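Here the structure is a predicted model, which is why all the values come from computation and not from measurement. Below, read A as the first sequence line, B as the second, and so on, with proteins coming before strands; counting in each chain starts at 1.
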Amino acid sequence: MVRSRLRGWQIPLTYGSAIGLAAIGSAILIVMLFVSISKIESSLPRFGFFAIREFHIAIRDVTHLRDMISLAEGAPNSQESLDQLSAANDLVYIRFGRIDGSETISAIPAYAGIVPRVDDAVKRLDAVIAAGLPLDQKSLTELGLELEQIVGRMNDEYYKYGEEVNADLYSSEVSLKRFNYQIAFALTILSLLAMGTAVLFIGRRETIKQLEFLAWRDATTGLKNRAWMAANRDAMLDRASETGKQLQLLLIDLDHFKSVNDTFGHHVGDLLLKAVAEVLESVEQPDDVAAVRLGGDEFAVMAIAEQNVGDELGECLREQLNRFAELEGHQVRIGASIGMACFPQHGSDISMLLHNADSALYKAKAEGRSGFVTFSPSILSQIDMQLGEEAAIKRALNCDEFFLVWQPQFELATGRMTGAEALVRWRDPVSGAVRPPASFIPIAERSDLILELDKVVLGKACAQAAKWMPISAEEFICSVNVSGKSLQAHAYLTHLTEMLQQTELPPSRLQLEITEGIFIQDSRNALESIGKIREIGVNLALDDFGSGYASFGYLADFNLNQLKIDRSFLADLASSTRKQNVVRGIIALAKSLGLNVVAEGVENEAQLDFLIREHCHGAQGFFMSEPVEERLMTNYLIARQGRAKHIEKFRLGPSAQAPTLLRKANVVAKQSRKTAN
Amino acid sequence: MLSLVKKCRFMLMRSLLMLAFLAIGAMPVWALEPASFPEPPETVAFNVQKDGKSIPITLRQLEKLGLYKVVTTSPFENGQLTFQGVLFRDVLKSVGLEDRDSVTLRAVDEYVQVIPHEDWTEGPLLLATRQDGELLTRRTQGPTRLIYPLKDHPAFDTPIRKPRWIWLIKTLESGN
């Protein structure tokens, strides 16, 4: 079907033509009605009621005269008959001669023809009466016949006229009946037209109103849309300033919306948006509070409130927007970061408010999601600082200010060092101070700098591992932490293969440590990347196991090599039997899956004892060794290997750490031998 | 009260006099032109049927009551017609039928009309005996006919009064 879209100028044309047709139709109907009426009117006999009565009375008088003549014929010598004759004659004379019969004549034309005949007869009868008694029989007979004829004629005309009237009345009755039907039909048509027009116009008005309404509304959620906000924000601001109230502008950004969409599908994403919209609608108030969807996963709330109202709205929204919801059978976590700026404290016009609210939102996101932050001028400097930090990191990457330190892992059964985990540090070029990863890793992760950083770390680690190859045992594995973002990037895998080729490092000597977060954020891509990494032959370890969104499903789906128990399980291990049981459980699980299990964050002997008792494969922590520089590691490896001829190359450093390392390694060995016995 | 009477005595007398005149009679005065003619013959104009008795009234009797002249148009004849006759009210007064609700007039040709009380009290209803000074004959719709002076009293010009222009009056009776 071809959809005919009407252009702007065509719409009034269609309406105009429709109305024109209706008007023409009505005009035709009305003209037909008028024609009917005129037909009826013309068919009605034009008679005056007096005229027909006059004619009737005239007939009566003439008939009376004729009767008197008959009587006079019978008694021509009687005075009485003469008197009566005279009286009758006078009556007829009055009726035809003196009384004006113009009405009768105009209504009944035949009357005009009769009047002269009657006048003549009266005159002749006058002569007869004047002659006196005895009355002239002959004349009387003549006049009698004449009057007989006149009377007959008058009666004929009277009845003829009556029949005409009757016929006219009949036809006018028929016409009237038809007219009634025409009236009914016309009224029906006209009323239908009127109703149709009314329906059309009302429908059009309603449609326009609805379109106007929809134009301001978002399609998915039904909230007001960005256009509405653009049109009304200045008005709201003016209203707030006029009434001396404050305008709170809250910008709301949903956390991890993209991952919800990718994990559960777009329909669940839409349901999430609708759930959020429901919450926002519940705080809406007709003139004072407006909730707007700006697009994507951004929302805004503009609230006019009294001056003393503080964070109530923001806190309320934060509570309601950070919870779990059941959408289509899935348990989905709704999270939102909220940034607020108020008029007049934080800005005098809407663009300033928006800018500041945006800064507050940025800070809320930076501080860890699901936060509510009110703008304050210090935020700007903090953001500047953050941007500055990002720039600093970028520079550091360019100037190669990052370096690696290594924390050794020990096999608990033998006490040997089976590997080392690479940790990144940042040496500030100006002060020479070393910055811990907590100060720059989060910033890097928020931007895309982490990709670059991970690549650099991988490169350095591979190089170092390759260097250590001749002096380390075969099963010595270097572990490198990888962020979720990097793992999904194709570039990282290419870089990995490149590095392995370049350094000629066997893939089995390298291990990548990933966190559970990657499965939440993007499981499909994660599976692909992990598969590829395993194909290459590089080992995989699951770091911080049990600390976050642990799901045993991942262990089944993905082909991992090592499980690292999160350090939080070792804290308070002695006091909490529950934690002990959990750790036992994890160890058992790992063993049943054939995974190597390593405990992180061993800080005291008791923990170490426990792990040895439970037959944990490996351990890593401050108790054994804190992260050390490469030189020290190299020295230790050499010392461990007992390759004396290389001592000149790798001199023992002036630090006391090497003997400590040795001592600790011996301690572990002793412990394991003790327990074995 | 007495002081008031003393103050405006003249005004008081005048208003009392007017009241007296009002009390005497609501006798409306119509400006009909009186006429006088020589005495007519002693012919019977019509009969008055009263209490089962038939009293003939002659022309002489009628014209003694006081002739007036009326110029009017007629719904039955053309042109301005001049009639002379007596006030119908005077006639009824003389026969004692003035206070009736209505009277019935019969004509020679069996035409009957009932004249209601207001017709002879509202306006100068004329019982005409002469037209243009000439006594009415039977041929001229006489000897008496009832005239509603349309020019002198235009309120008489209503359709319901058209049939009351009865002529060839034969009988007058108190009627319902």
Fill in: Heavy atoms of other groups near B/Phe37 CZ, more than 12 under 6.0 Å
yes
Discussion item. Strictly less than 4.5 Å between heavy atoms, which residues of residues 71-99 of chain A line up against chain B? Please order them by number.
Written reply: A/Asp83, A/Ser86, A/Ala87, A/Asn89, A/Asp90, A/Leu91, A/Tyr93, A/Ile94, A/Arg95, A/Arg98, A/Ile99
Worksheet item: More than 12 foreign heavy atoms under 6.0 Å from NE2 of A/His56: is that the case here?
Response: no
Worksheet item: Would you say B/Ile160 has more than 12 foreign heavy atoms packed within less than 6.0 Å of its CD1?
Response: no
Practice prompt. Check whether any side-chain heavy atom of A/Arg60 sits under 4.5 Å from a side-chain heavy atom of B/Asp109, and report yes or no.
Written response: yes
Worksheet item: Hey, is CD on A/Gln137 packed in by over 12 heavy atoms from elsewhere, all under 6.0 Å?
Response: yes
Practice prompt. Tell me, out of B/Thr137, B/Leu168, B/Thr140, who's got the most heavy-atom pairs with chain A below 4.5 Å.
Written response: B/Thr140
Discussion item. What part of B/Ser74 gets within 4.5 angstrom of chain A, counting heavy atoms only: side chain, backbone, both, or neither?
Written reply: neither
